[in-house]
There are 2 protein chains.
Amino acid sequence: MKLTPMMQSLVLHFGEMGSRWGLNRTLGQMYAVIVLTEAPLNADQISEALQISRSNVSMGLKELKSWNLIKLQHIPGDRKEYFSAPSDIWEIARTLVVERRKRELDPTLSTLRDALMEQPSNESDEYTQMRVQQMHDLMEMVTLWTNEMQGMSSEKLSALLKLGEGISKLLDVKDKLLLR
Amino acid sequence: MKLTPMMQSLVLHFGEMGSRWGLNRTLGQMYAVIVLTEAPLNADQISEALQISRSNVSMGLKELKSWNLIKLQHIPGDRKEYFSAPSDIWEIARTLVVERRKRELDPTLSTLRDALMEQPSNESDEYTQMRVQQMHDLMEMVTLWTNEMQGMSSEKLSALLKLGEGISKLLDVKDKLLLR
DNA sequence: TACAATTTTCACAAATTACTGAAAATTCAG
DNA sequence: CTGAATTTTCAGTAATTTGTGAAAATTGTA
């Protein structure tokens, strides 16, 4: 499978970004090619398109599966496995958010809770615990929020994000309503 | 500077997480010790606390400065430079969000725009462009949203996050109000 | 200005992470 | 059940990233 120049440059860019997104170069490139191609792709096609070894593709697919970012499908009369990305970009975004939260927040939340259970050994530990408490509360709110996001339809999510600066005004309105 | 066991374990944890947060182990540890200690710290203290070389600390501080995560201050009668984190945890969160956006979204947004300007070479490129458009729109909304966040006070931000599942209901209410 | 204290830079070394090819394991059509 | 097709694993290697010490640059006081 040969990539068009447009695809080529997008794939290269997503490769660069991959590492900044907690994935890595190859994973970024692989996901780019899967997301940006309409037809489901098999491992050999990805391997050829990106000029990387078949085994590397296998490992990458394993990782993408663990992120729930790809869908496996079969094509009648073909024994190979084909992969595609969700057609709804909001579904991809929701998945990315929840998976990153799992990896970036959940373990920390648990460590922070442990620290809060400990007995402070001196006044310095007391300050530490105070900060830990603040971080914990903040992260817990973010967690609740991302959970909420999981239950929202793409339409609703889109409407929420479109609010943009409106969110600030909406909050004010809410306060007014409750003050009555 | 010797770390208490509580600090020690928190610092180790934030080291582990550092790499998942787009920083790296040392940067995570450094920021943990700065955030969790009340008094401002100088490079030698950090170097000693984390058992890493003075030059490594210097590079780490440079990086933390570029993230706007630390404040430089001077202590009367001492020529050394001392660093501390903002006391408001929400300020730290806001900074993290905007800096990650700069690194993780802005460059991609620009690449996506470039791809949208190009002339599709065939129907496959047309599909690609359609997806690029979707990603672009989504990322632009997120950008607007994070900008909005920058202008919000810690109190308001906290109130917004506390809404939790309330946000969904609030959105419904908003629609009702507008439908009248 | 001179110089000691402090910070920064940078070439190299160490550590970590990613990639490959070969071999093992699995899958499924006949 | 067999065996060819396909996927996965894994040990070794390659590439990248991170950390160090020595030297250079900067800072600020006397």
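All values below were derived from every heavy atom in this structure, side-chain atoms included, with hydrogens, water molecules and symmetry-related copies excluded.
- Between A:Glu81 and A:Lys62 there is no salt bridge, since none of the side-chain N atoms of the basic residue sits less than 4.0 Å from a carboxylate O of the acidic one.
- Summarising the geometry, the separation between CE on B:Met59 and C1' on D:dT17 is reported as 11 Å, rounded to the nearest angstrom.
- In this structure, A:Leu72 atom CG and C:dT27 atom P are separated by 12 Å, rounded to whole Å.
- Under the 4.0 Å criterion applied to side-chain N and carboxylate O atoms, A:Glu99 and A:Lys102 are assigned as salt-bridge partners.
- The shortest distance between the side-chain N/O atoms of B:Lys65 and the OP1/OP2 oxygens of C:dT8 is below 4.0 Å.
- B:Arg131 has no carboxylate O lying under 4.0 Å from a charged side-chain N of B:Glu126, or vice versa, which leaves the two without a salt bridge.
- Comparing D:dT7, D:dT20, C:dT7 against the side chain of B:Asn56 picks out D:dT20 as the nearest.
- If you check every strand for non-hydrogen atoms under 4.0 Å, A:Asn24 touches sugar and phosphate atoms only.
- Along DNA chain C, the nucleotide nearest A:Leu27 and the nucleotide nearest A:His74 are compared for position; the residue whose nucleotide lies closer to the 5' end is A:Leu27.
- Nucleotide D:dT6 holds its C1' atom 10 Å from the CG atom of A:Asn42, rounded to whole Å.
- Within the structure, a side-chain polar atom (N or O) of B:Arg54 is placed less than 4.0 Å from OP1 or OP2 of C:dT7.
- Not a single donor-acceptor pair under 3.5 Å links the side chain of A:Gln29 to the backbone N or O of A:Gly15.
- Summarising the geometry, the separation between CD1 on B:Ile52 and P on C:dA15 is reported as 15 Å, rounded to the nearest angstrom.
- Note on A:Leu61: nothing from the nucleic acid sits closer than 4.0 angstrom, heavy atoms only.
- If you take CZ of B:Arg79 and C1' of C:dA5, they are 4 Å apart, rounded to a whole angstrom.
- Between B:Ser55 and C:dC10, a side-chain N or O to OP1/OP2 separation shorter than 4.0 Å is absent.
- If you take CD1 of B:Ile70 and P of C:dT7, they are 12 Å apart, rounded to a whole angstrom.
- In the set C:dT16, D:dT6, C:dT6, the nucleotide with an atom closest to the side chain of B:Arg25 is C:dT16.
- A:Lys62 has a side-chain polar atom (N or O) that falls below the 4.0 Å cut-off from OP1 or OP2 of D:dT9.
- Under the 4.0 Å criterion applied to side-chain N and carboxylate O atoms, B:Arg101 and B:Glu140 are not assigned as salt-bridge partners.
- Following rounding to the nearest Å, A:Gln51 (CD) and D:dA15 (P) show an atom-to-atom distance of 16 Å.
- Between B:Asp44 atom CG and C:dA5 atom C1' there is a gap of 11 Å when expressed in whole angstrom units.
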